[in-house]
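Just the heavy atoms: all of them, side chains too, but no hydrogens, waters or symmetry mates, feed the values below. Quick note on labels: first sequence line is chain A, next is B, and so on, each numbered from 1. Source: prediction; values computed, not measured.
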Number of protein chains: 2
Amino acid sequence: MIIGDPYSRDCPTRKVLDRIADKWAVLVLGLLMGGPMRFNQLRRTVDGISQKMLSQTLKSLERDGLVSRKAFATVPVTVEYAITPLGQTLADTVDALRVWAETHMEAVTAHQQRYDAGAASGA
Amino acid sequence: MIIGDPYSRDCPTRKVLDRIADKWAVLVLGLLMGGPMRFNQLRRTVDGISQKMLSQTLKSLERDGLVSRKAFATVPVTVEYAITPLGQTLADTVDALRVWAETHMEAVTAHQQRYDAGAASGA
DNA sequence: CTGTATCCTCTACGATACTG
DNA sequence: CAGTATCGTAGAGGATACAG
């Protein structure tokens, strides 16, 4: 049954991949590393996210235990989201990708340009 | 304009994220770590991938310089794909995610179940 | 302020068929 | 065997409006 085989359809590793695939989740997670934030505060900070996606992302992160939600019964309801210890471990891991990007993105871009130039001239 | 800010729309880090987001790319990359493979060989090994996606994925990986393509002018054309040194560095980084998954996936799943149970009862 | 529900579009992907 | 081109569909995600 090979539960650890990423090449089979049902594998926990693929699930993590899908979570990382969600760029909004990664972005929000990274943002919360800097401390708790409120809903609209997140929305304003993450460039381009819609309420729907933010809401959806936060709910998903909370369900996974990566982020915690705390509501305050103030007059206009206030909600604070914070990263959990578990979420912190994932965020740290994902951060390695950011480092990779910063280190190698230039090489990738350069290669893309060479590739595009070559493909255009029929090579 | 903060080009290095992942929270702005145009940021190299987001591009890497998008690449990782592509589970097929990750899967193929991981597979090629074990040595060069041919097109249909990859197709047979990666459970559930379509020719279209495999073709597309390989082309994309090649363009990024993460994978190299070598064609042999045999009677039925033979093509071999191999991971590049650059691709290797990414694969290694991504592997950290696999490790995270194996380490924490159980905790995540457990939390999901608790969450679902709580949400159902209205807590 | 913090969400949820609805609609609507747009694209990613699979299936299929065809070429070198 | 290795790919490309076309078509159809399902789902992701944005915009909007509404509710607690």
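Look at NZ on Lys70(B): it is 18 Å from C1' on dC1(D), rounded to the nearest Å. Here dG3(C) presents its P atom at 9 Å from NZ of Lys59(A), a figure rounded to the nearest Å. dC1(C) atom P lies 15 Å from atom CD of Glu80(A), rounded to whole Å. If you measure from atom CG of Asn40(A) to atom C1' of dT4(C), you get 14 Å, rounded to the nearest angstrom. Going from atom CZ of Phe39(A) over to atom P of dG20(D) covers 17 Å, rounded to whole Å. In this structure, Ile49(B) places its CD1 atom 8 Å from P of dG14(C), rounding to the nearest Å. The CG-P distance, from Leu54(B) to dA12(C), rounds to 18 Å in whole Å. The nearest whole Å value for the distance from the CD atom in Gln41(B) to the P atom in dA2(D) is 8 Å.
A 6.0 Å sphere centred on CD of Glu106(B) holds no more than 12 heavy atoms belonging to other residues, nucleotides or ligands. By the 6.0 Å contact criterion, CD on Gln41(A) is enclosed, its count of non-hydrogen atoms from other residues, nucleotides or ligands being greater than 12.
Proximity note for Ser50(B) (side chain, C-beta onward) versus dC1(D), dG14(C), dG14(D): the nearest is dG14(C). Among the nucleotides dC1(C), dG14(C), dA15(D), the one closest to the side chain of Lys52(B) is dG14(C). Proximity note for Met53(A) (side chain, C-beta onward) versus dA17(D), dG14(C), dG14(D): the nearest is dG14(D). With dA2(D), dT4(C), dC1(C) as the choices, the nucleotide that has an atom nearest any side-chain atom of Ser55(A) turns out to be dT4(C).
When only modelled atom types and interatomic distance are considered, Ser60(B) and Arg19(B) share a side-chain donor-acceptor pair under 3.5 Å.
Linking Ile, Leu, Val, Met, Phe, Trp and Tyr residues whenever their side-chain heavy atoms come within less than 4.5 Å places Val77(B) and Leu42(B) in a single cluster.
Residue Tyr81(A) has a polar side-chain atom (N or O) positioned under 4.0 Å from OP1 or OP2 of dG3(C). One finds no side-chain N or O of Arg38(A) lying less than 4.0 angstrom from the OP1 or OP2 phosphate oxygen of dC1(C).
The nearest heavy atom of DNA chain D to Gln56(B) and to Arg44(B) marks one nucleotide each, and the one closer to the 5' end goes with Arg44(B). The residue among Asp22(B) and Gln51(B) whose nearest nucleotide of DNA chain C is located toward the 5' end is Asp22(B).
By the 4.5 Å heavy-atom criterion applied to side chains, Met33(A) and Gln88(A) are counted as neighbours.
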